[in-house]
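Only one structure is covered here, and it is reproduced in the block below.
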There are 2 protein chains.
Amino acid sequence: MITIKDMADMLGTSTTTVSNVIHGKTSEVSQKTVERVEKLLEEYDYVPNNSARTLTQNCSKIIGVALKSRKEQYDNILADPFFSELIGAIEAEIRSRGYYMMIYTSNDLTELIRNILTWNVDGLLLLGILHDDFVRIKSRYKKPVVLIDSYAPRDIMNYVNVGLEDERGAFEMTSYLLEKGHRRIAFLADNMEGVDYTRYVGHQKAMAKYGLKADEKDLLIIRSGMMERESSLEELYYLSRNYTAFMCCSDYHAVVLMSYFSDRGVRIPEDLSFTGFDDVLLARIVRPALTTVRQNITQKGCLAVDTLLKMIQEEDQPKWDVKLPVEIVVRDSVKTISSYGSHEHIEMKTE
Amino acid sequence: MITIKDMADMLGTSTTTVSNVIHGKTSEVSQKTVERVEKLLEEYDYVPNNSARTLTQNCSKIIGVALKSRKEQYDNILADPFFSELIGAIEAEIRSRGYYMMIYTSNDLTELIRNILTWNVDGLLLLGILHDDFVRIKSRYKKPVVLIDSYAPRDIMNYVNVGLEDERGAFEMTSYLLEKGHRRIAFLADNMEGVDYTRYVGHQKAMAKYGLKADEKDLLIIRSGMMERESSLEELYYLSRNYTAFMCCSDYHAVVLMSYFSDRGVRIPEDLSFTGFDDVLLARIVRPALTTVRQNITQKGCLAVDTLLKMIQEEDQPKWDVKLPVEIVVRDSVKTISSYGSHEHIEMKTE
DNA sequence: TTGTAGGCGTTATCAA
DNA sequence: TTGATAACGCCTACAA
């Protein structure tokens with residue numbers, strides 16, 4: 001690894017001159033010197049030491065990306081295609097903009113904060129973080145932060161969020177199910193805060209539009225590890241008798257349940273309809289293909305990075321809250337129920 | 001951000017003393033001073049500046065992780081569940097060992113090398129890299145490197161590789177298909193080098209064992225973007241008439257094709273059998289569930305990180321080549337063919 | 001047009 | 001037991 005000083009010595013010039021050439025401050029250097037320096041630069045393929053640069057400039061060119069899973073615990077959050085697609089998009093965008101990405105999937109907030117500070121990251125992208133955590137981070141970290149899919153009380157703290165029309169997405173999906181004649185709809189969520197809560201609100205509103213009330217007992221919370229535990233799946237299977245449709249807050253859940261249920265003899269969508277959220281690769285591949293709420297994951301990742309870089313470069317004040325559009329994608333996992341009153345599904349199960 | 005110097009000033013002591021306390025070199029410091037320093041450390045929640053540390057120690061605690069996709073180009077390599085699961089496992093292991101991960105998915109090798117050098121990463125994890133690229137990296141980067149799933153000529157260069165029993169996996173899968181009565185088997189690969197080539201060798205050997213020869217025309221190479229292009233899928237669909245089984249080098253390909261084919265009226269496995277490789281989540285979720293060659297992706301990631309850290313810490317010389325075991329997982333995507341001669345599938349299609 | 005010198009935060013050597 | 005001091009590689013204000 002050749003350094004600026006090495007080259008300066010070789011050329012019999014000062015480090016300043018070499019540094020100036022490197023940074024294109026060529027107006028202050030004679031043409032001849034420029035050429036000599038550039039020749040060396042090429043010859044030795046000079047690469048700057050970023051630690052040294054960071055130290056003097058107090059800017060690291062690192063973007064920190066922190067994920068907390070929607071579930072309480074995840075053994076491997078990247079196994080969820082929503083997150084892996086999003087991270088993939090973010091990484092590509094960060095790189096193409098000349099920055100570096102450092103990623104943390106830990107749920108340990110203290111460790112996360114230490115990482116951010118120790119590397120002096122220039123900006124932070126926070127996925128699925130809750131309000132309290134955000135406040136704690138903000139109290140220690142003063143550089144730009146962009147949230148993705150966060151719902152914090154706006155009045156308490158200024159923040160920039162790249163989100164989704166979660167409420168509208170759920171509203172339209174539930175409306176669609178209701179149009180198709182479904183009345184006994186289970187709503188599956190990971191928790192009752194942030195994204196999932198907002199989607200539930202949309203669900204409730206659609207129900208209300210039809211003069212129905214979303215009952216709390218129809219709200220099924222998928223706790224950590226449930227999707228991997230046979231007993232939990234079994235329980236959901238028994239509960240499924242009460243419904244004609246499962247409306248899920250993520251494609252992943254929908255698809256896992258569809259598999260399990262169909263192995264148990266449930267015909268989809270004849271016996272039970274399914275809808276998802278996100279329109280992940282999985283949703284397109286599975287059969288019956290999943291009717292779901294599409295979001296453009298790549299766009300979301302790129303927009304978040306773009307917004308963060310704008311803040312870092314102080315180009316302009318970004319919008320504090322963006323809600324990316326959603327779109328219902330009708331595929332084959334929802335049945336049309338002709339007569340509203342008959343709970344065909346239930347009768348079949350309780351034969 | 002409080003610095004060591006700040007604290008030294010506040011205490012009226014030298015930076016050396018503070019630094020010593022931080023590093024637990026407490027034998028050289030009086031008990032009283034230790035306590036005073038530790039109090040400040042807590043109070044201001046001191047976090048070291050890693051750029052400064054890297055500069056003096058010439059070790060960054062960063063592990064670089066570079067992926068080149070098995071395909072020529074990928075818009076988002078993390079959309080492939082094999083890679084996202086692997087990266088997830090690697091990230092968790094690196095973090096739990098007190099290191100930091102920097103990831104690059106670029107296919108631009110020059111840029112990759114610059115990144116490695118500019119951050120002075122302590123070690124490098126290379127996924128799916130080919131021999132020439134490895135040589136180029138080695139010529140510039142002198143610290144430890146661990147390869148994952150690489151096949152380089154051993155005689156040319158020393159290297160450490162964490163790999164898989166690729167040949168045996170393919171051998172056993174083909175043997176299984178042969179046992180089940182299949183004779184007209186298409187072999188689907190991304191390319192004919194490294195992993196896929198080795199699997200093809202296994203396939204050939206199994207065929208040979210049955211006195212059959214793997215014909216070149218039965219080797220279907222999935223070029224970049226083919227899985228997303230309707231016309232390519234259509235072409236594969238037409239080709240499928242010639243076979244009773246598709247043996248795929250990745251679950252991802254198998255599953256995408258199964259979807260497409262079944263939409264075109266192909267019954268799986270009645271008309272066409274499928275096998276995959278990797279045993280990714282997808283393989284378990286899809287119906288019919290995919291018969292595949294399982295590898296333990298998490299174990300692979302952890303072992304690679306562990307090996308690399310051993311090399312960095314010079315604990316001992318790791319084995320230069322590890323081949324993790326594989327296991328055939330029989331599920332529902334392969335049909336048993338009773339009479340070998342009858343090409344039921346073909347006759348149905350050409351009715 | 002070029003060079004000098006100080007500083008970024010940390011660590012390590014060596015002297016007190 | 002503690003403290004100067006130099007060094008890591010780079011940048012920049014200022015001087016020549």
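Note that the coordinates shown come from a computational prediction; the quantities given were computed from them, not determined experimentally. Lettering of chains follows the sequences in order, A, B, ..., and the numbering in each one begins at 1. Below, each value reflects all heavy atoms present in this structure, side chains not excepted, and no hydrogens, waters or symmetry copies.
Listed in residue order, the members of residues 5-13 of chain B having a heavy atom less than 4.0 Å from DNA chain C come to none. Using a 4.0 Å cutoff on non-hydrogen atoms, the parts of residues 30-53 of chain B near DNA chain C are B:Tyr46, B:Pro48, B:Asn49, B:Ala52, B:Arg53, ordered by number.
Classification of B:Asp9 and B:Lys5 as a salt-bridged pair holds, one side-chain N sitting under 4.0 Å from a carboxylate O.
By the salt bridge (charged side-chain N to carboxylate O under 4.0 Å, His left out) test, A:Asp108 pairs with no residue at all, sequence neighbours left out. With sequence neighbours excluded, no residue satisfies salt bridge (charged side-chain N to carboxylate O under 4.0 Å, His left out) with A:Lys61. The salt bridge (charged side-chain N to carboxylate O under 4.0 Å, His left out) check on A:Arg95 picks up A:Glu91, with sequence neighbours excluded.
With 3.5 Å as the limit, one finds a donor-acceptor pair spanning the side chains of B:Asn58 and B:Asn120. For the residue pair A:Thr3 / A:Asp6, a side-chain donor-acceptor distance below 3.5 Å is found, with atom types taken as modelled. Remark: the A:Thr16 side chain and the A:Ser19 side chain contain no N/O donor-acceptor pair separated by less than 3.5 Å.
With hydrogens and angles ignored, the 3.5 Å screen pairs no side-chain donor or acceptor of A:Thr118 with any backbone N or O of A:Asn115. Under a 3.5 Å cut-off, the side chain of A:Ser150 and the backbone N or O of A:Asn161 do not form any donor-acceptor pair. Panel note: side chain B:Arg140, backbone A:Asp45; a donor-acceptor pair is recorded below 3.5 Å. A donor-acceptor contact shorter than 3.5 Å links the side chain of B:Thr54 to the backbone of B:Asn50.
Distances shorter than 4.0 Å separate some side-chain N or O of B:Ser14 from OP1 or OP2 on D:dG3.
Residue pairs meeting the salt bridge (Lys or Arg N to Asp or Glu O under 4.0 Å) criterion with at least one partner in residues 301-311 of chain A, sequence neighbours excluded, are A:Arg97-A:Asp306, A:Asp306-A:Lys310. Pairs engaging residues 84-120 of chain B under the ring-ring contact (aromatic ring centres under 6.0 Å, His included) rule: A:Tyr100-B:Trp119, A:Trp119-B:Tyr100 [sequence neighbours left out]. Within the structure, salt bridge (Lys or Arg N to Asp or Glu O under 4.0 Å) contacts touching residues 296-305 of chain B (residues at least two apart or in different chains) are B:Asp149-B:Lys300. Listed by first then second residue, pairs satisfying ring-ring contact (aromatic ring centres under 6.0 Å, His included) with a partner in residues 7-34 of chain A number zero, not counting sequence neighbours.
First and last contacts of DNA chain C with chain B, using any nucleotide atom under 4.0 Å from a protein heavy atom and ordered 5' to 3', fall at C:dG9 to C:dT13.
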Enumerate the protein-to-nucleotides 12-16 of chain D contacts in which both atoms are nitrogen or oxygen and the separation is below 3.5 Å.
| residue | atom | partner | partner atom | Å |
| --- | --- | --- | --- | --- |
| D:dT12 | OP1 | A:Gln57 | OE1 | 3.4 |
| D:dT12 | OP2 | A:Lys25 | NZ | 3.3 |
| D:dT12 | O4 | A:Thr16 | OG1 | 3.4 |

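Direction change of the helix axis from one end of the helix from C:dT1-D:dA16 to C:dA16-D:dT1 to the other is 50°, with five pairs defining each end axis (rounded to 10°).
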